[in-house]
K.L.:
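One structure is given below, represented as structure tokens, and several questions about it will come after.
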Amino acid sequence: MDNKEKEAASGPETTNFIEEIIKNDLESGKHNRVLTRFPPEPNGYLHIGHCASIVLNFGTAQKFGGETNLRFDDTNPVTEETEFVDGIIEDVQWLGFKPARILYASDYFDQLFEWAKELIRQGKAYVDFTSSKEVAEQKGTPTTPGVANQYRDTSPEVNLAEFEKMKNGEYPDGHCTLRAKIDLASPNMHMRDPYLYRIIHAHHHRTGDKWCIYPMYDWAHGQSDSIEGITHSVCTLEFIPHRELYDWCIETLGIYPSKQYEFARVNLTYTVMSKRKLKQLVAENYVDGWDDPRMPTIAGMRRRGFTPASLREFVKRAGIAKREKINDVNLLEYCLREDLNKTALRRIAVLRPLKVVITNLPEDQTEWMETENNPEDPTTGKRPLAFTRELYIEQDDYMETPPAGYNRLFPGGMTRLKSAFIIRCDEAVKDAEGNVTELHCTYFPESRSGQDNSGIKVKGVIHWLSAAHAQKAEVRLYDRLFQVEDPGAEEDFKTSINPNSLEIIKDALVEPALLDSNEGDRFQFMRIGYFCKDKYSTHENPVFNRTVTLKDSWKP
RNA sequence: UGGGUUAUGGUGUAACGGUAGCACAGCAGAUUUUGGUUCUGUUUGUCAGGGUUCGAAUCCUUGUAACCCAACCA
């Protein structure tokens, strides 16, 4: 099979510099296996940016026959919670990936503590009682070297004893820290005697009250990778300056040399991705929680109606590289529609109903029609539709004075009702204010869908519902949460929030088949968009979230 | 103004000294009982200057711009 056939079979073959590195490592014999890890901190929910990291780590390992650990970077007990651990595990699985192991950095606290003592014995770490403010000053600036303080030359024996006291809870929070003794003049600020341990008397979600000292990221991450035998440790660009320290810890300890590689995080237009900002949106009630359908969180997108496949495809197409970027949300929506078009069952909903009376159809007559559940997938079969004297159509599908090219109903105009008959609009009934309240139309019995011998040609096709059969439903129309492409770049991102990001339609009408659906079920409402049944649905009041509109190329 | 990283159409991403390609978006058309889908066609690009070379997005050089680093966060 040549390249072209391969592409036709499984989509475009994506490759990136990380895969390139792995491929070379395998070919050169540097590694004979691939083990990656996805290392979230359990202090918030995962978002589409994490999705890129998940797909990169799990997908790439899979591609090379390797595996991936899910490891929680839980070294800061004051911000981390089990609620987030559970949410993250659920999100990873929902995306379609299975961790080889579920691990925690806190699993390694004992080992990390031993290694810290090892460092002290080597004279490469010391307990520092200087205040954080003073330490910051002593570190100097990027252009001026730092200066040592009196604790830098404390003997290993004393340091060992003090470190033990720290661990035993003899000092209050912030009283002292353990610092690596590296290079106060390094141009890399992270090498100027970085903090290794701090005192935090707080309950940890896994280790409880066992510890009152907790390792910093730099002391925990690389060693955790090493302990697990991670071959390729992939993280985002901002960790590039940490790499030197990552390597220093591993080399100094003489342990398995995991290697760190960095890629640019995925950003999306018209949304924010920083955990801090997302948290703020939730805390200040701009949205309905972490899983609000407008949030770029995995939970939010799931509730909105996104499919795991569409998210994976988006990340694949967005690509992996080393430059900062903002991906066009259009690409995400393209991937979504592509998947949903193939899989979502078609249903009829009328969001803003306009009554139509078929004047030449007797009240007691019901014509049964048949319509496809999904024209893209004939195996989904067909379903019946009742055609009766009183119908509802979309208000948008009638215009008193239509512009050129308008294909739908207008006085004297003819249109086909999808899967049913062609009708002609004879009269628009108006109320005292002049609003159109109902349409009187004539149907043409010979134009029955599938066996049309009426000879009438119409361009427009609209959706409709039998008034006697339609059911009430609530429909929530979501739009982008922000009005500018890069709200994160604004002085205050909240000023660019879209005030119309949610419109609730309480009295939409839907076909009866929709009442049997379950939470999370996805549908295409014909000619409108894709919708997903929301968690707030009850049998009496089903709620549907608009996932994304259909593309609409109609221009007057 | 110390160190690090990055510059390819509107957006994102390929091209590894040899025809600047792909996707999304845009535009135009065909098909269509969803103004959807599908299918055609098409506009737009190598950060700038100099150099090496038969040939440079790619190598050298000088600039420019953007981002990251001075948390007891990760």
Side-chain angles (χ1 to χ4, degrees), chain A residues 7 12 14-16 20 39-41 43 73-76 78-80 105 128 131-132 135-137 139-146 173-179 185-192 195-200 213-214 216-218 220-221 235-244 262 264 266 269 275 314 317-335 337-338 341-342 346 348 371-372 375-376 405-408 415-420 422 447 449-450 452 458-463 485 524-529 549-555:
Chain A
E7 283 183 21
T14 57
T15 184
N16 57 59
E20 206 80 349
E41 183 188 11
N43 69 346
D73 231 332
D74 55 350
T75 56
N76 186 355
V78 304
T79 58
E80 295 153 5
D128 193 334
S131 73
S132 61
V135 169
E137 283 163 12
K139 276 194 182 177
T141 70
T143 49
T144 58
D173 286 9
H175 189 68
C176 56
T177 59
L178 184 73
R179 284 226 266 162
S186 172
N188 181 349
M189 297 299 289
H190 294 278
M191 298 301 278
R192 323 249 268 222
Y195 292 120
L196 264 27
Y197 272 95
R198 76 288 215 190
I199 300 170
I200 303 175
I213 58 170
Y214 290 91
M216 300 289 292
Y217 167 85
D218 287 306
H221 200 90
C235 61
T236 45
L237 255 30
E238 68 268 28
F239 289 96
I240 289 176
H242 294 254
R243 188 173 61 228
E244 193 180 355
E262 310 86 7
V266 164
T269 52
K275 235 184 239 181
F314 165 70
R317 287 182 185 248
I320 299 296
K322 293 195 80 155
R323 63 170 141 163
E324 306 267 359
K325 60 183 178 187
I326 300 185
N327 281 98
D328 196 332
V329 71
N330 280 316
L331 179 63
L332 211 211
E333 295 188 345
Y334 169 84
C335 295
R337 292 189 182 104
E338 185 189 38
N341 177 49
K342 284 184 290 200
R346 313 292 131 119
I348 295 176
T371 194
E372 292 163 300
E376 303 293 320
Y406 186 79
N407 285 339
R408 292 105 95 185
T415 298
R416 174 174 293 282
L417 297 180
K418 171 68 185 169
S419 297
I422 291 174
S447 68
S449 185
D452 184 343
V458 293
K459 277 189 178 163
V461 179
I462 65 175
H463 60 283
E485 279 207 349
Q524 182 196 97
F525 288 178
M526 295 282 284
R527 301 209 308 128
I528 302 176
T549 61
L550 250 32
K551 270 175 72 174
D552 183 6
S553 59
W554 153 244
K555 284 181 294 281

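Order of the sequence lines fixes the chain letters, A, B, ..., with proteins taken first and strands second; residue numbering starts at 1 for each chain.
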K.L.:
Given the C1' atoms of C68(B) and A74(B), what is the spacing between them in whole Å?
P.N.:
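The same atom, C1', in both gives a distance of 15 Å.
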K.L.:
When you measure from the side chain of R337(A) to the backbone of T549(A), do you find a donor-acceptor pair of N or O atoms at a distance under 3.5 Å?
P.N.:
yes
K.L.:
Expressed in whole Å, how much space separates the C1' atoms belonging to C47(B) and U40(B)?
P.N.:
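So the two C1' atoms sit 35 Å from each other.
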K.L.:
Determine the minimum heavy-atom distance between A105(A) and D73(A), stating which atoms define it.
P.N.:
CB-OD1, 4.0 Å
K.L.:
Give the rounded distance in Å between these two atoms: CG of D74(A) and C1' of C73(B).
P.N.:
14 Å
K.L.:
Is a side-chain donor or acceptor of R192(A) paired with a backbone partner of T141(A) at a separation under 3.5 angstrom?
P.N.:
yes
K.L.:
Between G51(B) and A15(B), how far apart are the P atoms? Round to whole Å, please.
P.N.:
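My reading of the P atoms in A15(B) and G51(B) gives 29 Å.
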K.L.:
Is the H190(A) ring parallel, tilted or perpendicular to the H242(A) ring (thresholds 30°, 60°)?
P.N.:
tilted
K.L.:
Classify the nucleic acid contact of L417(A) as base, sugar-phosphate or nothing, counting any heavy atom under 4.0 Å across all strands shown.
P.N.:
nothing
K.L.:
Could you pick out which residue, H175(A) or P375(A), lies toward the 5' side of RNA chain B when each is mapped onto its nearest nucleotide?
P.N.:
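The residue closer to the strand's 5' end, by nearest nucleotide, is P375(A).
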K.L.:
Between P on C24(B) and CG on D328(A), what's the gap in Å once rounded to a whole number?
P.N.:
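Nearest whole value for this atom pair: 12 Å.
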K.L.:
Is there a side-chain contact between Y334(A) and the phosphate of C24(B), meaning an N or O under 4.0 Å from OP1 or OP2?
P.N.:
yes
K.L.:
Taking Y195(A)'s backbone N and O only, do any of them form a donor-acceptor pair with T177(A)'s side chain (distance below 3.5 Å, no angle check)?
P.N.:
no
K.L.:
Check this one for me: any side-chain N or O of T75(A) less than 4.0 Å away from OP1 or OP2 of A74(B)?
P.N.:
yes
K.L.:
OP1 or OP2 of C73(B) versus the side-chain N and O atoms of R198(A): is any pair under 4.0 Å?
P.N.:
yes
K.L.:
With C1' as the reference atom in both, quote the distance from U52(B) to G45(B) in angstrom, rounded to an integer.
P.N.:
25 Å
K.L.:
Determine the stems involving RNA chain B; a stem requires 3 or more consecutive pairs of the Watson-Crick or G-U wobble kind, each with both distances below 3.5 Å, and the answer is none if no such run exists.
P.N.:
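Stems found: B:2-7 with B:64-69, B:10-13 with B:21-24, B:26-30 with B:38-42, B:47-51 with B:59-63.
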K.L.:
Between C72(B) and U62(B), how far apart are the two C1' atoms, rounded to whole Å?
P.N.:
44 Å
K.L.:
Could you measure between the two P atoms, the one in C39(B) and the one in U32(B), and give it in whole Å?
P.N.:
16 Å
K.L.:
Write down the distance separating the C1' atoms in U6(B) and U13(B), rounded off to the nearest Å.
P.N.:
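Nearest-Å result for U6(B) against U13(B) at atom C1': 15 Å.
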K.L.:
Check the phosphate of U13(B) against K325(A), side-chain N and O only, distance under 4.0 Å to OP1 or OP2. Yes or no?
P.N.:
yes
K.L.:
G36(B) phosphate, OP1 or OP2: any side-chain N/O from S553(A) under 4.0 angstrom?
P.N.:
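Result: yes.
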K.L.:
Atom CG of N330(A) to atom P of G26(B): distance rounded to whole Å?
P.N.:
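So the CG-P distance, N330(A) to G26(B), works out to 7 Å.
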K.L.:
Take atom CD of E324(A) and atom C1' of C67(B), then tell me their distance rounded to the nearest Å.
P.N.:
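The distance from CD of E324(A) to C1' of C67(B) comes to 5 Å, rounded to the nearest Å.
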K.L.:
Base, sugar-phosphate, or nothing for N188(A), non-hydrogen atoms under 4.0 angstrom?
P.N.:
nothing
K.L.:
Over all heavy atoms of both residues, which pair between R346(A) and P375(A) is shortest? Give the atoms and the distance, please.
P.N.:
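That closest heavy-atom pairing would be CG-CD, 3.7 Å.
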K.L.:
Where each residue is assigned the nucleotide of RNA chain B containing its nearest heavy atom, which of L237(A) and H190(A) is assigned the position nearer the 5′ end?
P.N.:
L237(A)
K.L.:
Nearest-Å distance, CG (N341(A)) to P (U34(B))?
P.N.:
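N341(A) atom CG is separated from U34(B) atom P by 12 Å.
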K.L.:
Ignoring the backbone of L331(A), work out which of G36(B), A23(B), G3(B) is nearest its side chain.
P.N.:
A23(B)
K.L.:
Please test L331(A) against F314(A) for side chain to side chain contact (heavy atoms under 4.5 Å, CB included), starting from the C-alpha separation and ending with a verdict.
P.N.:
CA-CA 7 Å; L331(A) 179 63; F314(A) 165 70; 4.0 Å; yes
K.L.:
For E20(A), answer base if it contacts any base atom (sugar-phosphate contacts may also be present), sugar-phosphate if it contacts only those atoms, and nothing otherwise; contact means non-hydrogen atoms under 4.0 Å.
P.N.:
base
K.L.:
May I ask you to verify if any side-chain N or O of R317(A) is less than 4.0 angstrom from the OP1 or OP2 atom of U13(B)?
P.N.:
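For U13(B), OP1/OP2 do not have a side-chain N/O of R317(A) under 4.0 Å.
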K.L.:
When you compare C22(B) with U46(B), how far apart are their C1' atoms, in angstrom units rounded to a whole number?
P.N.:
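Result for the C1' pair: 16 Å, nearest Å.
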K.L.:
Counting side-chain heavy atoms from CB outward, which of A70(B), G36(B), A74(B) is closest to E41(A)?
P.N.:
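Closest of the options to the side chain of E41(A): A74(B).
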K.L.:
Reckon F314(A) touches a base, only the sugar-phosphate, or nothing at all at heavy-atom distances under 4.0 Å?
P.N.:
nothing
